[in-house]
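These notes concern the structure reproduced below.
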Amino acid sequence: MKTLLEVSGVSVSFDGFKAINNLSFQIGKAEMRAIIGPNGAGKTTFMDIITGKTRADEGRVLWGDKSVSLLKMSEAQIARAGVGRKFQRPTVFEDQSVFANLAMALKKDRSPFSVLFYRGNTADTEKVEALAAEIGLTDQLSRKSGELSHGQKQWLEIGMLLAQDPQLLLVDEPAAGMTPEEREHTTSILVEAAKTRAVVVVEHDMEFVRRLNCKVTVLHEGSVLAEGSLDHVTSNQDVIDVYLGR
Amino acid sequence: MRVILLALAAILCLAPSLQAQTGPVQDLLQTHRALIEKGSRKSIAPAIDAIAASGLTEAQTVLQTWQAKDMWQRKEDKLFFRAEEVAKKTYRLYDFDSGEAVGDFDKGDLKQLKPNSGVRAMIGAALVRFQLSDPDPVRRLAALEAIQRDAEASHLEPLRASIPDEPDATIKARKEQLATLLTLRFGSDEPTRLKAIESIATNISLDSRAALNTLLTTKREISVGPAPEGTNVAAIMKPGKDLDQDAAYDMLADKGLVPPRLSPADIRTTLAAHIDGGKVAGVPVATLNTDEARAKAYAALVAQGMAQSQPTDGEIAAALAAHTIYDAYVEPSAAVTAAAEKALASIKTRVSMNQMLDLALDGISLASIFFLAAIGLAITFGVMGVINMAHGEFIMMGAYTGYVVQQLIPNYTVSILVALPLAFAVTFAAGVAMERLVIRWLYNRPLETLLATFGISIALQQIAKNIFGTQARPLTSPGWLDGAWVMNDVVSISYIRIAIFVLALTFLALFLFIMKRTRLGLETRAVTQNPRMAASMGINPDRVNMLTFGLGSGIAGIAGVAIGLFAKVTSELGSDYIVQSFMTVVVGGVGNIWGTLAGAAMIGFLQKGIEWMNPSNTLAAQTYMIIFIIIFIQFRPRGIIALKGRAAGD
Amino acid sequence: MTRQPLFAKNPSLLIFLACLALFTLLVTVFSEAMGTGLISTSFVKTLGKTLCLCLIAIAMDLVWGYAGILSLGHFAFFGLGGYMIGMWLMYARTRDIVVTSMANAEIPPTNAEVIDGIGNQIFGVVGSSDFPLVWAFAHSLTLQLILVVAVPGILALIFGWLAFRSRVTGVYLSILTQAMTLALALYLFQNDSGLRGNNGLSGLQNLPGADHIPQATISLWFLWASALALALGYGFATWVVSGKFGSVLRGIRDDEARVRFLGYSVEGYKLFIFTVTAIIAAIAGALYYPQAGIINPAEIAPIASIYLAVWVAIGGRGRLYGAVIGAALVSLVSTWFTGGQVPSIPLGFYTIDWVDWWQVVLGLSFVLITLFAPKGIGGLFDLFTGRTPPNRHGKDLGPDSGALQEQEADA
């Protein structure tokens, strides 16, 4: 399997506190990966580094076939390169309709001028409607997204992520605050997505991780503690000590 | 009628004394009677010199009397007396030698000597030697100052003579200093002067610089061919290099050495004078609206011999080549001017070093003002993250509080001591009220806080205008803050600015103390960092916010009193400082008092530095400073002392 | 989002244009130029100026209400636009005067003499007679009209690029724009800025070569021009915000980081809207100052830009008609109050003179609106349409933005 993203030897510190310490990580082109770890393990910071929100002090982050470094790129450039991110807290544009939210995320030329003259077309509308159907928000298309329930916002955010058509999805706690049925649906969307692209899921919920049925990376104090199948890592003594045992 | 009779009687009574005493003074005056009567500035000098040099004890009195226009001459025998008016048109005369009254005379029998101002000045100069040894030190100082103002060669001798007997050490030093300055200008021989020049080469006082500059006065001269031998040439002006070619030619023309260049206006006038039937030299007037056409018409006039020809470029160049334009020292001795140049250069280095020091002091004092104005903001904006556009108006309220207190308490020292805490109380209350009524509802909506507090700001400004009017109100500092600490002629700093510097340091200490050592500081920091956690630990965030905001506002009030002491108190006082205050906080780094200090120092020094480069224009200095700050923020968006990492809160 | 005509999607645009047309028609009919004289020429000018203020309010609403950039510098662009057109007006008018006065000379003047004469006339007050470099194009209306757009546009572009590139946002950006405005005003206050220092440019109400046309007529022309500019500006703004671009702008306002993670270069969008609105502001200024007759650096002072924000906030930001209503209402009411036409209120011990107290009322009413009616006057329209917008930001993590964010706390 070819490598899509390669993170090697990355460190970052905040005022002396090493949030990420010599972390290395790899993911292939169509792969599902779950990241688990206790609070403060650096999961979110790890995502911040990949998406350009936080600058690494040292190390390399290489992307794609051409092995471009992501460290020099801005958040928007990284997103356009094909990294999509779903935040832990649902962050949708609450003042705008579900349709507008999805349309904004749709993979298109993002330069100001082409957006200014973009006036919508049937093909795009159909794409948005298809996405809405996938995330179960067809009836809510014209509603303001601020009126949606918490779960629906999570869906919408996943929908926006899919609309971007990224090669790598970074998903932060997608199942938080969802009912069991909703989780089921989320799992299937993610598994489906992982068939054509890489998906990284950060999750606390072991049950959810088990259902994803994928390779697991355990982070602890900013570096990788263990990697392998869920059964493999849960039987690892180190992991039990720092995380599961407590 | 009675008056005349009385006068007649008086004359009759006193008549016998007429032939009486004449003394050495009167003799002397009589010797120079013709000159004194004539009273012309051009010829009077020998008479004055003779009196001054006579060595008579009364000489000073005579000169003073003369200068004060109190010297009268009796028409009858041409004798001179001091006169006092005793009744209308009646004068009592006093003899100079004895000092006794001679008798009362009618004005008609007397003639007042009215020396003109030129003569009086000369008498004054002659009087100097007496004043220099006057028993009254005040008069001796006055004499020294008079000499300094208008030095003459003749002063040098009496000045030197008065030094050994001078009892007062300070005055003696000044006399010696002045003697040196006079020596270098009027000294009799070159070595003495050179020595004098050398001796002041380390002296940065204004006087010594002025003396050297006077020595180095130059005059622009023009000579045919090279500069004449024996001239003390300072510099030769090369046309086209040191001065404009045309300007050089015009100088020659002014001296009548060459025919003048014709300006376009001259050509125009000449053309206009030769209009003949709508044509000038055959060229129709209507077409004369370009320089070329005018030149053509003018050339035609010249050809007809009706106008003077314009010098060609070649002629101008030739004329310039034939003449030398140079600056010559008025002082003939080249050795003296060279030494003076050298001394002045070395003084200039010292002066510029001292100016740097002075600039640094100015910078510190400006920085203290910015710091004072900004420290309240550093609390409300820096610590609480609340933008308070009315902060400037709190400063203004503090200043007006000081003004009102001064109206009630006339003693300036007491009123300032009362005003400081009162200003704090007033603005603290205003701040708390504002926090309770407005800002509390707008936490987390910074832009709306900005606008709401701006609304308060314009309302407060207008209210102040309605109460106190638009004219500036004075806030007078106590007497002991008047004046300045003068280190030398270059470096000085006013006591008020020192006081403000001390006040700024006090507030820095106070702030650090409150934040690091008190319960309020601890709670403030807790609420700032995590309000929810702080609340769950029993801290009441509402109360802490209120007190913190009040504290920031109260300090603004005190800053207002301080600023009011040197700036005019108007309703716009605050808005003059608000932008700079925000800049100080932003440049320094939000949320850090040391950052505010660094920001104030940077902005203060920067503004003074730019002002120094372009002293005529403080507006430009402010403009450039703001542009600099905008660029600075490019490189350090979070200010000089930036919080890093998560605490910075993206 | 299928293709729909702009008017169908934005019924308010049609209503607005109809109101504006009716307003212009009524003012025209009742103006002195048309003989009825119910509306004095000076009031026609006031109305014309108000239309220009509405236009800059629209610009402010675009940049603040939609994109969330509280610029305290747009009045600087407005003023710059005024200065640019003022230079031509003053130059051309002075030229007419100089040429007339020189016409009687025995010898016809050369070009250089005419220009010297103009320079003397214009710069006499600042003790100079030479044309500074900035006046290089003042002789040409076309070039100077280009400068109306170019100078503020380029200034906004440079400033915006610097500010947005370094990710200065929120109140910091506001303070920075305020500083820029202050710097510009202070610069123009200098005599050697080349724009006549604090004298500013004057006599702008006189159109060159139109001395025979009465001011009553000229004021109508400017009213029409202002109305046309406002209509075009409103239409343009509606077009910009109605599409996906508007969607992105509002996204930037509400959650800048999220838009960035969607792959939009937020800086580019901000720079675009900042520059475009600066140009709109400049055009408004270029129409305003010929009606005002005089422009000086005090007009550019930061306070003017803050008032602009006040108008938009009072009218209701994030909706274009709100900005127009706010600007028109507040500026007209201000004129009314400060003009001394409102009767004073005697209280026995004190008489409230509105010339003195209007500012206080304005300031306090502004505080009240911010506190109790954040949607402004425009919010009233929601009562008719029954629109109830959602709570925009969902749950806040803490009462203070300095608090650790939830995702950080849990990481």
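Since we're looking at a predicted model, the values are computed, not measured. A, B, ... follow the sequence lines: proteins, then strands. Residue 1 opens every chain.
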(request) Indicate the atoms forming the closest heavy-atom contact of Gln164(A) with Leu262(C), along with that distance. (result) NE2-CD2, 3.3 Å
(request) Locate the shortest heavy-atom distance separating Arg85(A) from Phe261(C); write the atom from each residue and the value. (result) NH1-CZ, 4.1 Å
(message) Counting C-beta onward and ignoring hydrogens, is there a side-chain heavy-atom pair between Val115(A) and Tyr264(C) closer than 4.5 Å?
(response) yes
(message) Quick check for you: among Ala163(A), Ala81(A), Ser111(A), Pro166(A), which has the greatest number of heavy-atom pairs under 4.5 Å with chain C?
(response) Ser111(A)
(request) Tell me, for Lys108(A) versus chain C, whether the close heavy atoms (under 4.5 Å) come from the side chain, the backbone, both or neither. (result) side chain
(message) So does Glu75(A) get a backbone contact from the side chain of Arg260(C), meaning a donor-acceptor N/O pair under 3.5 Å?
(response) no
(request) Of all the heavy-atom pairs spanning Met104(A) and Lys244(C), show the shortest one and how long it is. (result) CA-CE, 4.0 Å
(request) May I ask you to check whether over 12 heavy atoms, not counting those of Glu227(A), lie within 6.0 Å of atom CD? (result) yes
(request) Measure the spacing between CZ of Arg258(C) and OG1 of Thr91(A) and express it to the nearest 0.5 Å. (result) 4.5 Å
(request) State which residues pass ring-ring contact (aromatic ring centres under 6.0 Å, His included) with Phe46(A); sequence neighbours excluded, sorted by chain then number. (result) Phe25(A)
(message) With a 4.5 Å cut-off on side-chain heavy atoms, are Phe93(A) and Arg253(C) touching?
(response) no
(request) Return the minimal non-hydrogen interatomic distance between Phe272(C) and Leu116(A), and the atom names on each side. (result) CZ-CD2, 3.5 Å
(message) Could you go through Phe117(A) and Trp239(C), starting from their C-alpha distance and side-chain angles, then the distance that decides it, and tell me whether this counts as side chain to side chain contact (heavy atoms under 4.5 Å, CB included)?
(response) CA-CA 10 Å; Phe117(A) 291 101; Trp239(C) 179 73; 3.4 Å; yes
(request) Tell me, for Val259(C) versus chain A, whether the close heavy atoms (under 4.5 Å) come from the side chain, the backbone, both or neither. (result) both
(request) Keeping the roles fixed (side chain from Gln96(A), backbone from Ser247(C)), state whether a donor-acceptor pair exists under 3.5 Å. (result) yes
(message) For Ser97(A), which atoms come within 4.5 Å of any heavy atom of chain C: side chain, backbone, both, or neither?
(response) neither
